[in-house]
Amino acid sequence: MFFRPFIVAAAALVFSTSACPEHKYTSGPRLQGRQTITDPGANSTQNDWAYEASYNWHRVSSEYYRCQNGTQQSPIALSLGNGLALNHVPKFNYNGSIAGDFYNWGYGPAFTVKHDGNWTSHPSFTYDDMTVYLKGWHVHAPADHSVGGDRSKAELHLVHVDASGHEAAVMAIRLDPGNFDSAFITQLPAMIGFNDMGTIHPINIDFTAALESVQHFNEFWTYQGSLTSPPCHEGIRWFVARQIMFTGVEQMQQILGASTYSARAEQEVWQHRINE
Ligand SMILES: *[C@@H]1O[C@H](CO)[C@@H](O)[C@H](O)[C@H]1NC(C)=O
Ligand SMILES: *[C@@H]1O[C@H](CO)[C@@H](O)[C@H](O)[C@H]1NC(C)=O
Ligand SMILES: *[C@@H]1O[C@H](CO)[C@@H](O)[C@H](O)[C@H]1NC(C)=O
Ligand SMILES: *[C@@H]1O[C@H](CO)[C@@H](O)[C@H](O)[C@H]1NC(C)=O
Ligand SMILES: [Zn+2]
């Protein structure tokens with residue numbers, strides 16, 4: 001059984017805008033381009049696959065064969081038994097406040113960095129001899145990666161592309177409720193629900209708070225993986241922070257309230273070369 005979350009919305013071709021002092025909430029105009037494109041690989045206005053049946057994705061389409069016989073599929077279970085990464089240490093160049101669109105990718109809160117055709121002007125990080133550029137982020141609920149058998153409430157994916165725009169690396173930050181509000185979440189506008197096609201633009205986000213909450217990835221796991229949605233393309237380097245970004249209880253309730261189930265079943269570790 002496959003649900004098709006975008007069919008109904010695609011029929012609602014109502015264009016309405018309402019201006020507010022700082023940014024504009026737009027309902028409708030995004031529809032044409034409204035695709036789950038901020039998830040690595042998810043690019044469809046009408047998904048023929050469902051997270052609830054991720055073990056069967058290759059039966060949906062022959063194009064999804066890697067979901068079944070790929071050797072570096074994501075996500076995987078991680079633990080301190082893997083040790084922590086000593087190589088591929090990321091160096092961030094995320095300075096300042098970054099303009100973009102805030103919306104819901106159909107499964108949870110999301111943000112796309114404003115793009116002027118030149119990826120190399122985006123915030124970036126460097127590891128080894130690679131520089132990758134931030135395309136945007138989105139939230140999965142619950143978390144895709146478990147650590148030591150524990151699954152966080154949500155997981156933030158910061159998707160990065162190479163200079164020609166191909167998805168190359170994802171920074172994953174696990175989110176759990178704690179005792180204090182997260183400064184990163186506090187700066188966001190009110191959450192947009194998973195069934196709401198609206199966009200708030202432009203907004204500016206300072207990523208410093210996100211990086212600080214996980215101590216700039218001072219401790220992390222890295223491995224060779226894939227997109228966590230069809231067509232499950234491989235060749236993505238994953239960085240999973242050991243630290244957790246804690247949010248206030250209400251903040252987490254708002255994030256979860258705007259989200260719907262979006263975790264792929266964990267894959268067996270095979271040729272992932274964890275921390276190598
Ligand atoms: C989404 O997929 C379509 C069809 O494969 C492709 O033409 C389009 O460029 C893709 N969009 C993005 C943003 O990747
Ligand atoms: C993986 O499965 C697909 C579809 O069955 C097949 O075409 C492809 O050859 C397989 N890959 C390998 C390496 O066998
Ligand atoms: C960004 O900020 C870091 C410290 O927060 C600094 O080391 C680095 O030089 C800055 N980069 C740019 C391009 O301003
Ligand atoms: C892209 O942006 C970078 C950094 O801002 C700049 O150095 C480069 O010249 C730009 N490339 C093009 C083709 O505009
Ligand atoms: Zn993702």
Side-chain angles (χ1 to χ4, degrees), residues 35-44 47 49-51 54 56-76 93-96 98-99 103-126 131-146 151-165 167-175 194 210 223 225-241 245 255 258-267 270-271:
Q35 301 172 327
T36 58
I37 52 168
T38 56
D39 198 36
N43 169 13
S44 169
N47 290 339
W49 50 268
Y51 280 109
S54 65
N56 260 344
W57 280 343
H58 81 296
R59 291 188 65 175
V60 175
S61 163
S62 59
E63 289 168 23
Y64 302 164
Y65 67 89
R66 277 186 211 80
C67 305
Q68 176 71 5
N69 70 0
T71 61
Q72 299 177 329
Q73 290 293 297
S74 295
I76 53 173
N93 188 0
Y94 264 30
N95 299 21
I98 294 153
Y103 63 105
N104 193 301
W105 66 291
Y107 302 92
F111 175 84
T112 299
V113 175
K114 185 170 184 287
H115 182 58
D116 65 2
N118 184 354
W119 293 107
T120 65
S121 60
H122 286 225
S124 63
F125 76 88
T126 301
T131 301
V132 290
Y133 306 92
L134 181 65
K135 181 179 185 183
W137 56 256
H138 57 270
V139 171
H140 292 256
D144 263 329
H145 292 88
S146 68
R151 189 173 302 282
S152 291
K153 285 287 188 196
E155 189 170 308
L156 177 67
H157 285 167
L158 299 148
V159 179
H160 293 74
V161 298
D162 62 20
S164 51
E167 273 122 359
V170 182
M171 285 281 173
I173 298 177
R174 295 172 294 142
L175 305 180
F194 65 86
Y223 71 89
S226 74
L227 312 176
T228 61
S229 54
C232 307
H233 278 309
E234 298 184 339
I236 308 283
R237 177 162 291 281
W238 282 84
F239 297 82
V240 181
M245 182 195 288
I255 292 168
S259 301
T260 188
Y261 186 77
S262 45
R264 182 187 186 191
E266 265 172 350
Q267 306 293 300
W270 192 356
Q271 296 185 354

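Values reported hereafter were calculated over all heavy atoms of this structure, with side chains retained and with hydrogens, waters and symmetry mates removed. Index from 1, following the sequence. Just so it is clear, the structure is predicted and the values come from calculations on it, not from any experiment. Just so you know, ligand 1 is whichever comes first in the structure, and atom 1 is the first atom listed for that ligand.
- Using a 4.5 Å heavy-atom cutoff, the side chains of Glu266 and Ile76 are not in contact.
- With contacts defined as side-chain heavy-atom distances shorter than 4.5 Å, the pair Ser124/His160 does not qualify.
- Trp119 has its side chain within reach of Lys135: a pair of non-hydrogen atoms, C-beta onward, lies under 4.5 Å apart.
- Some N or O of Asn69 is nearer than 3.5 Å to an N or O of ligand 2, by distance alone.
- Listed by chain and number, residues touching ligand 4 at under 4.0 Å (heavy atoms only) are Asn118, Thr120, Ser121.
- Distance check: Phe239 CZ to Phe125 CZ gives 4.0 Å after rounding to the nearest 0.5 Å.
- Of the possible donor and acceptor atoms, none in the side chain of Gln271 sits under 3.5 Å from a partner among the backbone N and O of Thr71.
- The heavy-atom pair separating Ala258 from Asn104 by the smallest distance is O-ND2, 2.9 Å.
- The angle subtended at the Zn ion (ligand 5) by ND1 of His157 and NE2 of His138 is 110°, given to the nearest 10°.
- Atom CG of Leu134 and atom CD1 of Ile98 lie 6.5 Å apart (nearest 0.5 Å).
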